[in-house]
Structure formats: structure tokens, C-alpha cells
Amino acid sequence: VKAPPFAYARASSLDDALELLHEAGDDAKLLAGGQSLLPLLAYRVVRPSHLVDIDALDELTGIRPAAGDVSLGALTRHAELERAGLEGAARLLALAASHVGHLPIRNRGTLGGSLAHADPAAELPVAALALDAGVVLRSRGGERRIPVAEFFVGPFTTAIAPGEMITEVVLPADVREGRAAFKELAVRSGDFALAAAGVTARVNDGRAARVRIALGGVDATPVRAMRAEAVLEGRELSRDAIAEAAHVAASACDPVDDAVTSAAYRRRLVERLVRDALTCLGDEAAG
Amino acid sequence: MSESRWVEASADLPVRVVLNGEPVTLSAGVRWTLADAVRAHGLTGTHLGCEHGVCGACTVLLDGEPVRACLVLAPQADGRRVDTVEALGEPDALHPVQQAFRDARALQCGFCTPGFVVLAAWLREREPEADEVRLREVLSSNLCRCTGYQPILQAMRSRP
């Protein structure tokens, strides 16, 4: 097993990476942790002309939970998300990260890499969507920030333009409040999920507010179950309310049959996962 | 920017690492993985099973943390510390984890064993109090097609 031929360069800084990326043209790829890209190269599913290695760029590391938004460097490893002590709704990233692959993979895989790869069944995109994250994209020409809801375009397809790279993922300041739960089912632990549900909410006096329900593995991109969110807004997280929301989430999603399982099974799974995740939120709120 | 920044696919490049405590310069093809590079250096204890990150047979420590050596491009290890199974013990002086694997018959064909032993020795050192759930969670990273895993867990429970 050998990767197809590519020319390689290691970037010495963010600006250098952008320069190399520009110079290499449209068929270049960035290499960060490599936990998705190297298997794709091994299978020769992708054949980039150039690889720009950004794995060692300190500028892109670190979680900066100062006042205001929470900024996560694109090279934040899954293992760091698990250990970072993220609180409130933001803890969803830690919970989601703990489901990604296995420990050695989480030591290398990066947040930016997972978003850029945009696997429809991946965990971190689901969490980013539930948290209303913004994705900061930089190119030689400048910087733009787009909501994660506009970032995922299709399976393995994003709004990243040629010459652009993710530099950070920004969470709104209010993710420090509230609660989070993440549930998924995979055939074996560490596999990609058949379906996954990430939920966050604030619970005040027993009533839910700012409910977010994001689903993975059921569509071309991660999706929000907005109708199900609306069901819960302002209500108690009672058994009945949760069951209703889970049912609405399942009815509204549109999975397809694939080699692993059927659309019908996935829809039932969504109902169960959303119910379990919301129950988890409710239990936490109860004490 | 000059063209010279790019290393062409057919070229070799030096990868400076501290390999099992010794500073060495590996010569690696651009497309080589870290596993290829340590094996070409003569350390063939690191086994390549699937070569796409599924089996864990190639597990090594990179800067002290377990990684799949088949999912690290060799040049990415430049300037870093790499520890392979060869750092753990010698045939006549086994590492306690290797001895525990032997005692528990935690191997049969032995192909996956280096990866398991590297991961298990790391876990023992880093988390000596790891409970059964944690043992299973961490070891679920690697595949063994002979033992059915129970002897491996048994070796780990013996807390060597």
C-alpha cells in the first residue's frame, strides 16, 4: 500500500502555508493530523498533486476560552477536546470527540481536519452544528468567517475555496452555559456512527431554552432537527415532551438505504438516540 | 517562493528523530509512513497490518503518546521522539507487559502483538489504576484475530 505520487512541503508558518497552497494550485491538499487523508491516499481515493504539511504549526493550536467567543485552533486534537475541561453546551465537543475512532487516532486527528473532511457520519461536524460554530477560513487574500450551517455543502464537500484553509473554529460566548449530550450507535466501538445525535439546551426552572438538536449519518451533511427543537422550546423536559421531540426529529430526517443498514432502521435509531440524549440533558438538570 | 521548497515524490528526505532514546536521521521517501521509515531502519518489530489505520499493529509512541505509525507521514515525525516495541524489552529480558502477555498466552500468531504491547505498556505507565472499562476502551483500538482478546485483557489485569 503506497500513496500515489505527490510533491511535499512542510509549512513553517501560517503565511507560508497559504503561500505554498497558492503556489501548488487547485489539486493541492493540506495535511494536518492525517487520520482521514492518509487512509484516502493509501486507497488512492484522492490523488493530490501537492501536500502542504501544516501539522506542526503552533499558530493553529490551542483553545482560547477568554471573554467573548471561544476560539479553537484548527489543529486542536480530538484528545485535547476531550481533556480541555469544556463546560456548558461546549462540552458537546468533548463528548463527540470521545466517539471518534480510537485513542491513537484521537491523539493525531484535528478539529479543522474533521470539519474539512466533512464525512456525513463524523461526530465533530454534528457537535459544531449544534453549537452554532463559525468556521474561520484564511487565504492569501484575506479572511472570512462562515456559519457551520453554510460550511457543509455535501458529502465530503465544503465551502472551502481553493487556496483557503481553516484556521480556527469559533463558538459563540453563550456556549459556556447550558448542558450537552451526545449519543451514537456504531457497529463496533470506534467505527463511524450509523447515526448520531448531539443536543444542547439551557434548562432554567425545569424549562428548556435554546434547544439544539443536530444529527449525523442521516443525510448528505449533518443536519439540525429544527422542528424537534421547537417542540421543546419553553417546555419541561418531561418524558412525553422528549418522546414527541424525538418522534418529530425522526420523521423529519431523510436517511437513505446503504450497505450497512436501511433508511427505516436509521430513522428508528434517530428517534432512540435523540430521546436518550434529551433524557440525559433532563437528568443532568434534575441534579 | 522557490520551487526548491517542494520535495518531489521520487525523492528521499532526512527525518531527524530520537528513536528509542537515540538521535538518528532516518532516510525516508516522501510517501513513506513513519512505520515504513522505522522498518527500513531495521526496527521491524513495528508490524504493518492494514496500512490504513484500522488494525493498530503498527502502534508506536510519538512524543510519548500512542499513534498509528501507518497514519503518520514519515516527514511529520521530524524533530520528534519515537518509541517502538524495541524499546520495551529483549528476548532474555522481557518488559513486564511482555512477560504478562507470555504468561497469559495473550498471543498466538504474534502479528498484532507489538502494537498491543506498546499500547498496553503505555497504559500501564500512564494510568496504572485503569479499571476494566478503561482497559477495554483503550485496547479496543487494536485488532487480534487469534486470541479473542480475553487472554490480552487477562494479561493486563495482572497489573505487571
Side-chain angles (χ1 to χ4, degrees), chain A residues 1-12 15-25 28 31-45 47-56 77 79-80 98-99 101-109 113 140 186 188-191, chain B residues 1-11 13 15 28-36 48-56 58-80 115 118-119 122-123 126-127 134 136-143:
Chain A
V1 178
K2 279 292 160 283
F6 51 77
Y8 169 91
R10 185 184 302 127
S12 58
D15 287 341
D16 186 39
L18 293 169
E19 198 61 45
L20 288 165
L21 197 55
H22 171 78
E23 189 179 294
L31 172 65
Q35 303 302 285
S36 299
L37 183 54
L38 289 185
L40 290 177
L41 287 168
Y43 274 112
R44 303 200 167 196
V45 173
R47 292 170 172 272
S49 60
H50 296 72
L51 283 191
V52 179
D53 188 352
I54 57 168
D55 188 47
R77 314 280 159 176
E80 291 175 62
S98 73
H99 285 275
H102 299 282
L103 181 141
I105 301 215
R106 299 196 291 271
N107 281 335
R108 294 282 302 147
R140 284 203 323 167
R188 290 157 299 218
S189 94
D191 284 6
Chain B
M1 273 298 148
S2 68
E3 280 296 309
S4 64
R5 292 294 308 282
W6 296 99
V7 184
E8 294 304 322
S10 55
L13 77 181
V15 179
V30 168
R31 293 182 284 160
W32 286 17
T33 67
L34 176 58
D36 296 327
L48 277 162
C50 71
E51 297 191 60
H52 64 278
V54 171
C55 76
C58 67
T59 305
V60 301
L61 304 185
L62 185 64
D63 285 344
E65 302 291 330
V67 300
R68 308 266 207 245
C70 74
L71 295 189
V72 178
L73 204 63
Q76 294 189 294
D78 191 68
R80 307 181 70 170
V118 168
L119 188 60
W122 171 85
L123 183 63
R126 192 64 68 87
E127 301 176 30
R134 180 65 177 162
R136 286 172 178 257
E137 202 263 324
V138 172
L139 294 178
S140 73
S141 160
N142 288 20
L143 298 180

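Order of the sequence lines fixes the chain letters, A, B, ..., with proteins taken first and strands second; residue numbering starts at 1 for each chain.
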Going from [atom1] on [X] to [atom2] on [Y], what distance comes out if it is rounded to the nearest 0.5 angstrom?
X	Y	atom1	atom2	value
A:Arg10	B:Leu13	CZ	CG	7.0 Å
A:His102	B:Thr59	NE2	OG1	10.5 Å
B:Glu137	A:Ser98	CD	OG	7.5 Å
B:Ser141	A:Ile105	OG	CD1	7.0 Å
B:Trp6	A:Glu23	CH2	CD	6.5 Å
A:Tyr43	B:His52	OH	NE2	3.0 Å

Atom group of [X] that falls short of 4.5 Å from chain B, counting heavy atoms:
X	value
A:Arg108	side chain
A:Arg188	neither
A:Leu51	both

Legend entry - Heavy-atom closest pair, residues A:Leu38 and B:Cys70: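 Nearest pair, atom of A:Leu38 first, then B:Cys70: CD1-O, 4.2 Å.
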
Using non-hydrogen atoms and a 4.5 Å limit, figure out which bit of [X] sits close to chain A: side chain, backbone, both or neither.
X	result
B:Leu48	neither
B:Leu61	neither
B:Val138	side chain

For chain A, the option from [options] that forms the most heavy-atom pairs under 4.5 Å:
options	answer
B:Asp78, B:Val54, B:Thr33, B:Asn142	B:Asp78
B:Leu119, B:Leu62, B:Val30	B:Val30
B:Gly53, B:Gly56, B:Pro75, B:Ser10	B:Pro75

Inset, instruction - Give a yes or no on whether the backbone of A:Ala42 and the side-chain of B:Glu51 come within a donor-acceptor separation of less than 3.5 Å. - result: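 Flag not set: sc B:Glu51 to bb A:Ala42 has no pair under 3.5 Å.
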
Legend entry - Check: A:Ala56 main-chain N/O paired with B:Gln76 side-chain donor or acceptor under 3.5 Å: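 No, the answer is negative, given that no donor and acceptor are paired below the 3.5 Å cut-off.
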
Legend entry - Residues which pass side chain to side chain donor-acceptor pair (under 3.5 Å) with A:Glu80, listed by chain and number, not counting sequence neighbours: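 Counting only residues at least two positions away or on another chain, A:Glu80 forms no side chain to side chain donor-acceptor pair (under 3.5 Å).
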
Inset, instruction - Answer whether the closest heavy-atom distance between the side chains of A:Phe6 and B:Val7 falls below 4.5 Å. - result: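 A side-chain contact is absent here, since even the closest heavy-atom pair is not under 4.5 Å.
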
Inset, instruction - Side-chain contact test, heavy atoms from C-beta onward, threshold under 4.5 Å: evaluate it for A:Leu103 versus B:Glu65 and give yes or no. - result: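 In short, these two side chains do not touch, never coming nearer than 4.5 Å.
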
Inset, instruction - I would like to know whether B:Leu73 and A:Leu31 meet side-chain contact (heavy atoms from CB on, under 4.5 Å); could you show each step before the answer? - result: CA-CA 9 Å; B:Leu73 204 63; A:Leu31 172 65; 3.7 Å; yes

Inset, instruction - Could you give me the CA-CA distance, side-chain angles and deciding distance for B:Arg5 and A:Glu19, then say whether side-chain contact (heavy atoms from CB on, under 4.5 Å) is met? - result: CA-CA 11 Å; B:Arg5 292 294 308 282; A:Glu19 198 61 45; over 6 Å; no

